[in-house]
**Student:** 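This is the structure I have questions about; it appears just below.
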Amino acid sequence: GPSPTASPSPSATATPSPSVTATATPSPTVTATPAPTATAGSCPGSTATWSGTLGGPGAGAVQPNGTYYTTTATGVHLGCLTGPAGTDFDLYLSRWNGTAWQVVASSTGSGSSESVSYSGSPGVYYWLVTSYSGSGVYTLRTARP
């Protein structure tokens, strides 16, 4: 896939401030279902589900809810993306390195399902879903340390 075109532009301060709409702290919907079985489209270990719509090639969406998240633990950041059949959606995980956002993991296969598992240190991160081709509704299942 191409470089993401819809990444947040943080100002150059010690604290990441992506230009996002001021919203309340995101509260992911946590499903209370048992751990999913490892079938296509499932994401064992995920704790939150986000969804949105990409309008077409070059479109991008930041999750959770257009902003970033902070983790204080070292561990695995998990992201599983599912898009409509026939599309090519890509998934990127970016981390604030103190001066800029840096892509630390990505999954840019040629289909609509992507999976990222990244072992990272404490910090500030966000997910970016982009469309290389096609449009439609996507689902992103995530977990963090």
Side-chain angles (χ1 to χ4, degrees), residues 1-11 16-71 73-145:
S3 299
T5 54
S7 20
S9 322
S11 48
S17 317
S19 53
V20 293
T21 314
T23 55
T25 306
S27 317
T29 51
V30 178
T31 53
T33 51
T37 53
T39 55
S42 75
C43 192
S46 64
T47 56
T49 302
W50 315 93
S51 62
T53 304
L54 295 181
V62 172
Q63 293 292 359
N65 286 341
T67 187
Y68 54 85
Y69 65 93
T70 304
T71 178
T74 297
V76 173
H77 299 254
L78 178 69
C80 305
L81 174 67
T82 307
T87 61
D88 180 357
F89 288 3
D90 295 328
L91 180 62
Y92 299 85
L93 178 65
S94 290
R95 181 178 190 272
W96 182 253
N97 65 14
T99 53
W101 290 105
Q102 179 176 18
V103 174
V104 291
S106 63
S107 178
T108 56
S110 58
S112 61
S113 295
E114 305 289 350
S115 178
V116 167
S117 178
Y118 172 75
S119 183
S121 54
V124 181
Y125 296 82
Y126 73 87
W127 293 100
L128 176 66
V129 180
T130 64
S131 169
Y132 182 74
S133 67
S135 62
V137 176
Y138 66 85
T139 300
L140 174 64
R141 294 175 182 85
T142 62
R144 66 191 194 193

**Student:** With sequence neighbours excluded, tell me which residues meet side chain to side chain donor-acceptor pair (under 3.5 Å) with Arg95.
**Tutor:** Ser121, Tyr125

**Student:** Looking only at heavy atoms, what is the nearest atom pair of Gly55 and Ala59, with distance?
**Tutor:** N-CB, 3.8 Å

**Student:** Of all heavy-atom pairs between Pro57 and Ser133, which one has the smallest distance, and what is that distance?
**Tutor:** CG-CA, 4.0 Å

**Student:** Go through Thr67 and Val62 one step at a time and tell me if the side-chain contact (heavy atoms from CB on, under 4.5 Å) criterion holds.
**Tutor:** CA-CA 6 Å; Thr67 187; Val62 172; 5.9 Å; no

**Student:** So, the side chain of Ser112 versus the backbone of Gly83: is there a donor-acceptor pair under 3.5 Å, distance only?
**Tutor:**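 Yes, because the side chain of Ser112 sits within donor-acceptor range (under 3.5 Å) of the backbone of Gly83.
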
**Student:** Search all heavy atoms of Ala73 against all heavy atoms of Pro145 and return the closest pair with its distance.
**Tutor:**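 Looks like O-CB, 3.6 Å.
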
**Student:** Judged by atom type as modelled, is there a donor-acceptor pair below 3.5 Å linking the side chain of Glu114 to the main-chain atoms of Gly109?
**Tutor:** yes

**Student:** side-chain contact (heavy atoms from CB on, under 4.5 Å) between Arg141 and Thr47: does it pass, once the steps are laid out?
**Tutor:** CA-CA 7 Å; Arg141 294 175 182 85; Thr47 56; over 6 Å; no

**Student:** With a 3.5 Å cut-off and no angle check, do the side chains of Thr142 and Trp127 form a donor-acceptor pair?
**Tutor:**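 Short answer, no.
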
**Student:** Can you tell if the side chain of Thr49 reaches within under 4.5 Å of the side chain of Leu140, non-hydrogen atoms only?
**Tutor:**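 A side-chain contact is absent here, since even the closest heavy-atom pair is not under 4.5 Å.
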
**Student:** Where does the angle between the aromatic ring planes of Trp101 and Tyr126 fall among parallel (under 30°), tilted (30 to 60°) and perpendicular (over 60°)?
**Tutor:**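 Rings of Trp101 and Tyr126: perpendicular, over 60°.
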
**Student:** If we count only N and O atoms by modelled type, under 3.5 Å, do the side chains of Gln63 and Tyr69 hold a donor and an acceptor together?
**Tutor:**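 No, no side-chain donor-acceptor pair sits under 3.5 Å.
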
**Student:** State which residues pass side chain to side chain donor-acceptor pair (under 3.5 Å) with Ser94; sequence neighbours excluded, sorted by chain then number.
**Tutor:**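 By the side chain to side chain donor-acceptor pair (under 3.5 Å) rule, Ser94 matches no residue at all.
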
**Student:** Can you name the nearest heavy-atom pair linking Ala143 to Ser46, along with the distance?
**Tutor:** CB-CA, 3.9 Å

**Student:** Rounded to the nearest 0.5 Å, what separation is found between the CZ atom of Arg144 and the CG atom of Leu93?
**Tutor:** 11.5 Å

**Student:** Drop me the distance from Leu81's CG to Tyr138's OH, to the nearest 0.5 angstrom.
**Tutor:** 8.0 Å

**Student:** Mind checking side chain to side chain donor-acceptor pair (under 3.5 Å) for Thr87 and listing every partner two or more places apart, or none if nothing turns up?
**Tutor:**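 Side chain to side chain donor-acceptor pair (under 3.5 Å) check on Thr87 returns nothing, list empty.
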
**Student:** Could you give the distance from CG (Asp88) to CG (Asp90), rounded to the nearest 0.5 Å?
**Tutor:**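 Taking CG in Asp88 and CG in Asp90, the distance rounds to 5.0 Å.
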
**Student:** Kindly indicate whether the side chain of Val116, heavy atoms from C-beta on, has any atom under 4.5 Å from the side chain of Leu78.
**Tutor:** no

**Student:** Where is the tightest heavy-atom contact between Trp50 and Ala48, given as atom of each residue plus distance?
**Tutor:** NE1-CB, 3.9 Å

**Student:** How many angstroms lie between OG in Ser106 and OH in Tyr92, if you round to the nearest 0.5 Å?
**Tutor:** 6.0 Å

**Student:** Working to the nearest 0.5 Å, report the span between OG of Ser135 and CZ of Phe89.
**Tutor:**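 Ser135 OG to Phe89 CZ: 6.5 Å, rounded to 0.5 Å.
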
